[in-house]
Each structure stands twice: as C-alpha cells, then as structure tokens.
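One structure is given below, encoded as structure tokens.
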2 protein chains.
Amino acid sequence: MPDSLRRFKAEIFQALAHPTRIAILELLGAGEASTGELGEKLGIEQANISQHLAVLRSKQLVVNRKAGNQVFYSVRDPILNDVLALMRRYFQNHLQEAYEMLGEMAHAPTESEK
Amino acid sequence: MPDSLRRFKAEIFQALAHPTRIAILELLGAGEASTGELGEKLGIEQANISQHLAVLRSKQLVVNRKAGNQVFYSVRDPILNDVLALMRRYFQNHLQEAYEMLGEMAHAPTESEK
DNA sequence: TTAGAATATTCGAAATTTCGAATGCTCTGT
DNA sequence: ACAGAGCATTCGAAATTTCGAATATTCTAA
C-alpha cells in the first residue's frame, strides 16, 4: 500500500480523534441534525461546534444540506457508523482498562503542575 | 455516553492517526513481528519505530513478548483488525476522493503496492 | 432595507505531536 | 566481565491542533 494512502487513512482517523467529533458522529448516526441542535445537545459553544464540523467536512465524513436559516448535517457513508459500532464493542471488551487508564490520567500531573 | 468514555475513544483513534502506526498495525494483522522487522519492512529508523510502538502500547492496542534479544509485537484484540478492514472498505469506496484530497494523479494502485 | 438568527471563518495563544540525535537498558555470546 | 545487538527513553525544536474571542456571511421576517 502506498504511503500516500496511509496518510489519507491517518487523516480520517485524526478527524475521529476528538471527543466532541465522536459525539457529533454518534448523534448523527441517529439521523441528521442542525449545527444548533448538535451544539445544544452537547453543551458546546457555537463557534467550536462549527470548527469541529469544518474538520469533519474537510475529510468528507459528513455532508450538509441547507434549509433556510439552518444547516443540517449527516454522516456521508454508513460504513462510518459500522466503524463506530465496532469500536463500541471494542470499548465494551476493555471497559475495565478504559477506566483504569482514565483514572491514571486524572491523577497524572499536567505539564503546568510539574 | 459519559464524556470520559468519549475521551478514551478519541485517544484510541488518535493512536491510529499516524501513517506509520497504521502501517505497523496492518503488518501485525498478518502475525507478530519484532521491532526490527517492522522497522526494516517500513524503512523507518529504529528509534522512531520504537516511539510509535510506545504509543500503541500506551493505548494497549498491541502486546509484546520478549524472546531473548528481541521483542515481538502483536495486535491485542482482533476487533482492531476488523476496524482496519472496515476502513479499507471505506477507503475503497472513496479512493477517487482520497487521491484528489492528496492532490495526486488518480491512478489505480498496482498489485505490488497493495 | 434593516435587524436578528444561524452558521462559518479568522486570529492568537496554549497544548500536543512528531522526529532525529543522543543516551540508556537488557539480553547473548565469548 | 566485556562487547555488541536489539530495543526503549529522553530531549529539544518544529509542526499541528485546540479553543475562545472577534468578526463575517447568509438567510428570514418585518
């Protein structure tokens, strides 16, 4: 496999590598939603949601549809939902360690605290 | 779903979000390999491979087995292979855009490049 | 046309990631 | 014990990512 393709793949994963963007995609898995709805359900500032949506758009993970004042987003390729579903199984299998890892992180000193 | 879990998920995706680490995991999908073997097959410096393996280890995506002088790595949970396989299908579906996004001439990859 | 709602973009500072270079560690053979 | 092989870690600089604040854009209603 050419390295250029691996770079492309890595960029897709990078787009998935943020809690807010994962949350957005999981919400969109249930059907389309507007920027405002996403922001409200997630309790995140409008500008920030828009920025994350811009990332997902730039990697073509989502598509949008304008309706009057609003913009509705949806997942472009259902395979993405399958990937997220598989990942949910993965997390179920390793929930124990997940919490341990998160617990350690919570106790690890941050750079500014050192 | 709690935000802590989403953060955990995001970290897994982050671990996948590098061309070299994707290449490593794809190689390991065919069976275990030593650090040296991985570095040689990928044409990447020893220290760098070790750094990427450290990332994969820290997120528990791989496990290792010491054998004398060497350390052999393998994928811990086969679900990960399924995720990568699903992603391969995704990339096949969108190869055209992949190449466009990369700003490369669209051409079919040769067998040897796969 | 003007106001306001909904969404997007730009900017800058802080945090994180990446890689090579240098160094450290742990085995094995002699 | 020593040398070398194989692997891991640390350090520092460059690149990238992230978020809030400010500003733009686009659409609708009056």
Side-chain angles (χ1 to χ4, degrees), chain A residues 3 6-24 27-28 32-74 101 105 108-114, chain B residues 3 6-24 27-28 32-74 101:
Chain A
D3 184 64
R6 277 203 209 100
R7 251 179 279 130
F8 177 70
K9 284 193 191 181
E11 286 184 11
I12 303 294
F13 283 122
Q14 174 62 46
L16 298 174
H18 193 283
T20 298
R21 292 196 293 269
I22 290 176
I24 289 173
L27 282 179
L28 294 184
E32 69 172 12
S34 70
T35 305
E37 286 168 6
L38 292 171
E40 193 191 353
K41 286 192 181 175
L42 297 177
I44 287 178
E45 292 301 318
Q46 181 270 319
N48 199 358
I49 282 281
S50 251
Q51 286 167 338
H52 285 301
L53 286 170
V55 172
L56 295 174
R57 251 186 297 125
S58 77
K59 300 302 161 43
Q60 319 234 54
L61 267 38
V62 299
V63 290
N64 58 41
R65 164 180 83 82
K66 293 196 174 186
N69 226 1
Q70 297 169 275
V71 180
F72 289 89
Y73 284 85
S74 49
M101 276 179 58
M105 283 178 37
T110 65
E111 276 307 307
S112 62
E113 283 170 343
K114 277 186 189 164
Chain B
D3 183 66
R6 277 203 208 101
R7 251 179 279 131
F8 177 70
K9 282 193 193 182
E11 287 185 9
I12 302 295
F13 283 122
Q14 174 61 47
L16 297 174
H18 193 284
T20 298
R21 293 197 290 270
I22 289 175
I24 288 173
L27 281 179
L28 293 184
E32 68 172 13
S34 70
T35 305
E37 285 167 5
L38 293 170
E40 193 190 354
K41 286 191 182 178
L42 298 177
I44 286 178
E45 291 300 317
Q46 181 269 319
N48 199 359
I49 282 281
S50 252
Q51 288 168 336
H52 285 301
L53 286 170
V55 172
L56 295 174
R57 250 186 298 124
S58 77
K59 302 300 162 42
Q60 318 235 54
L61 298 186
V62 299
V63 291
N64 59 41
R65 164 180 81 82
K66 293 197 177 188
N69 227 1
Q70 297 167 275
V71 180
F72 289 88
Y73 283 86
S74 48
M101 275 180 59

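Being a predicted model, the structure only gives us computed values, none of them experimental. So that the names make sense, note that chain A is the first sequence line, chain B the second, and so on, each numbered from 1. Basis for what follows: all heavy atoms, side chains included, without hydrogens, waters or symmetry-related copies.
One can place CZ of B:Phe13 at 16 Å from P of C:dT17, the figure rounded to the nearest angstrom. Distance A:Ile49 CD1 to D:dC19 C1': 12 Å, rounded to the nearest Å. If you take CG of A:Leu56 and P of D:dT18, they are 11 Å apart, rounded to a whole angstrom. In this structure, B:Arg7 places its CZ atom 21 Å from P of D:dT17, rounding to the nearest Å. For A:Lys66 and C:dT7, the NZ to P distance is 11 Å, given to the nearest whole Å. To the nearest angstrom, P of C:dA5 lies 18 Å from CD of A:Glu37.
Relative to the side chain of B:Glu45, the nucleotides C:dG20, C:dT18, D:dC7 differ in distance, and C:dG20 lies closest. When distances run from any side-chain atom of A:Gln70 to the nucleotides C:dA6, D:dT9, D:dT17, the shortest one goes to C:dA6. Among the nucleotides D:dG20, D:dT9, D:dT17, the one closest to the side chain of A:Asn48 is D:dG20. In this structure, the nucleotide among D:dA8, C:dT10, C:dT7 sitting nearest to the side chain of A:Gln51 is C:dT10.
The residue B:Thr35 sits close only to the backbone: its heavy atoms come under 4.0 Å of sugar-phosphate atoms, none of a base. Residue contacts for B:Gln46: at a heavy-atom cut-off of 4.0 Å it reaches a base atom on one of the strands shown.
In this structure, the side chains of A:Val71 and A:Leu53 stay at 4.5 Å or more apart for every pair of heavy atoms.
Distance CD1/A:Ile22 to CZ/B:Phe8: 10.5 Å, rounded to 0.5 Å. For the atom pair OG1 (B:Thr35) and CD1 (B:Ile49), the distance works out to 8.0 Å, reported to the nearest 0.5 Å.
When the side-chain nitrogen and oxygen atoms of B:His18 are compared with OP1 and OP2 of C:dC19, one or more of them lie within a distance under 4.0 Å. Remark: B:Tyr73 is not in phosphate contact with D:dG6, judged by side-chain N or O atoms under 4.0 Å from OP1 or OP2. At the phosphate of D:dC19, OP1 or OP2 sits under 4.0 Å from a side-chain N or O atom of A:His52. Here B:Ser34 reaches the OP1 or OP2 of D:dC7: one of its side-chain N or O atoms lies under 4.0 Å away. Using a 4.0 Å cut-off, no side-chain N or O of A:Arg21 falls inside it from OP1 or OP2 of D:dT17.
Between A:Phe72 and A:Ser34 the shortest heavy-atom distance is CD2-N, 3.5 Å.
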Result block: side-chain N/O donor-acceptor pairs under 3.5 angstrom for residues 12-21 of chain B, not counting sequence neighbours:
from: B:His18; atom 1: ND1; to: B:Thr20; atom 2: N; distance (Å): 3.1
from: B:Arg21; atom 1: NE; to: B:Ala15; atom 2: O; distance (Å): 2.6
from: B:Arg21; atom 1: NH1; to: B:His52; atom 2: ND1; distance (Å): 3.1
from: B:Arg21; atom 1: NH2; to: B:Gln14; atom 2: O; distance (Å): 3.3

